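Basis for what follows: all heavy atoms, side chains included, without hydrogens, waters or symmetry-related copies. Computed from a prediction, not measured in an experiment: that's the story for all the values here.
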Amino acid sequence: MSMRRFGTTSPRPRTARALVTAASLALLVPTLASCDSGPGVIDGTSDEPEAAPPKVAPLKVRTNVARDDVRIDRAVKLTARGGKLRTVRVTSSAGPLPGKLSKNKSAWAATGRLEPGVTYRIHSVGTRSDGKKVVRNQQFSTEDLTLDEQTYPSVAPLEGETVGVGMPVVVTFDIPVTDKASIEKHMSVQSTPRQPGAWHWISDQEVHWRPRSYWRAGTSVDVDVDINSIPAGAGIYGQESRHVSFDIGDAHVYKVNMDTHQMRVFSNGSLLRTIPITTGEEPKFTTRSGVKVILEKFREKRMNSETIGIDRNSPDGYDIDDVEYAMRVTYSGEFVHAAPWSVGSQGSANVSHGCTGMSTANAAWLYNMTSRGDVVEYTGTDKPMTLTNGYGDWNLDFADWASGSALS
């Protein structure tokens, strides 16, 4: 019987299970080591910097205008790079400036024109290539202009007026136009039914449009003088655009034969009345032959010979306060009017100072049916009506008339 040494313990022999466990641990050590990614790695995250995300190009919005003294005929445009435009608003104290985005949303162009001496603010909203919204605010100011640097167009006939078949469209400028082509490109006349016609410049301050032949009765006419901010030459710009609509009434054509001393009055091709008349005494006061147009009407009109260069105290002078039913046909002083003092000569002799006289009853009847623009055709003398002595437009054939366009 063996004896244990007091205070000592013999080591426990390894069992088979213990040996297996030890072997397993020995195998486990290298396995755990294989999960380690090497030095400098903590929790599987590398200390090397991550790759930077791709850069997004900024959205750049540019205009074609400077900040100050922009010419008012400048066509404002915006262009975008690095994205697209969503909306563009251009505002000012003169009102908004309309415009339109291009189909691909890369540009915006104004469809309206600038006003002088105004500050415009541009508010644009775009989208960057990554979808981010970008807002841009810009502003610019236009050059200031005096009234002497702007020309205003007056238009006849008036809005809503009913006129005769001989009435031209008359545009009168208060400041001369030297670049007529620039202005004429922005003026148009449309009619229903359609009738071809042309502009003719009477002077630097007056331009007329007439159809090839007299207007058709019942025509509706629209005149568009779209010249606001358009260069008129010599540093002058159009001050304002005008739009006027008017109507053509019945076709009144009065045919005066100065040899037979008769006026035949036609309406829409039908003869209504033949009126005995007297015209200018020859050769001193010969009435002009040609086509004239009623310019204006006066229920009563003072007529003084001094206005046509005749001393009223001379044998041929006159000063009559109340000539009735007076209708002007020339700037130089020819009228159609009542002349009760010459009834004895009406239908047989020419005894007037150039006007067409008739009885008061006939003058009243004619006056009441007549509109501005009605036609009076004169024959019988060798003194011609001229283009500029009233509305002498119809005394040129249409080819000569059309050659007076600045665009011909």
Chemist: Could you walk me through whether Arg210 and Asp393 pass salt bridge (charged side-chain N to carboxylate O under 4.0 Å, His left out), step by step?
Modeler: CA-CA 8 Å; Arg210 51 153 272 209; Asp393 306 37; over 6 Å; no
Chemist: Name the one of Glu240, Glu115, Gln239 that satisfies side chain to side chain donor-acceptor pair (under 3.5 Å) with Asn228?
Modeler: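 Exactly one pass, corresponding to Glu115.
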Chemist: Would you mind listing every ring pair (Phe, Tyr, Trp, His ring centres under 6.0 Å) that reaches into residues 219-263, with sequence neighbours excluded?
Modeler: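 Every pair satisfying ring pair (Phe, Tyr, Trp, His ring centres under 6.0 Å) with a residue in residues 219-263: there are none.
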Chemist: If you measure from the Lys or Arg side-chain nitrogens to the Asp or Glu carboxylate oxygens, is any gap between Asp224 and Arg242 under 4.0 Å?
Modeler: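 Salt bridge: no.
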Chemist: Assess whether atom CZ of Arg194 is packed by more than 12 heavy atoms of other residues, nucleotides or ligands within 6.0 Å.
Modeler: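 No, the 6.0 Å shell around CZ holds no more than 12 heavy atoms from other groups.
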Chemist: Is Glu161 salt-bridged to Arg372, going by a charged N under 4.0 Å from an acidic O?
Modeler: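 Result for this pair is yes, salt bridge flagged.
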Chemist: Could you tell me which residues satisfy side chain to side chain donor-acceptor pair (under 3.5 Å) with Tyr391, sequence neighbours excluded, listed by chain and number?
Modeler: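 None.
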Chemist: Taking the ring centre of each residue, are Trp365 and Tyr325 less than 6.0 Å apart?
Modeler: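 No - the distance between ring centres of Trp365 and Tyr325 does not fall below the 6.0 Å cut-off.
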Chemist: Taking the six-membered ring for Trp, are Trp209 and Trp201 closer than 6.0 Å centroid to centroid?
Modeler: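 No.
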Chemist: Angle class for the Phe140/Tyr120 ring planes (parallel below 30°, perpendicular above 60°, tilted otherwise)?
Modeler: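 Plane angle under 30°, so parallel.
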Chemist: Salt bridge check: are Asp73 and Arg71 linked by an N-O gap of less than 4.0 Å?
Modeler: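 Yes.
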Chemist: Can you confirm whether or not the ring centre of His353 sits under 6.0 Å from the ring centre of Phe285?
Modeler: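 Centroid separation for His353 and Phe285: below 6.0 Å.
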Chemist: Take atom CG in Asn137; do more than 12 heavy atoms of anything else shown fall under 6.0 Å from it?
Modeler: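 Enclosed: over 12 neighbouring heavy atoms sit under 6.0 Å from CG of Asn137.
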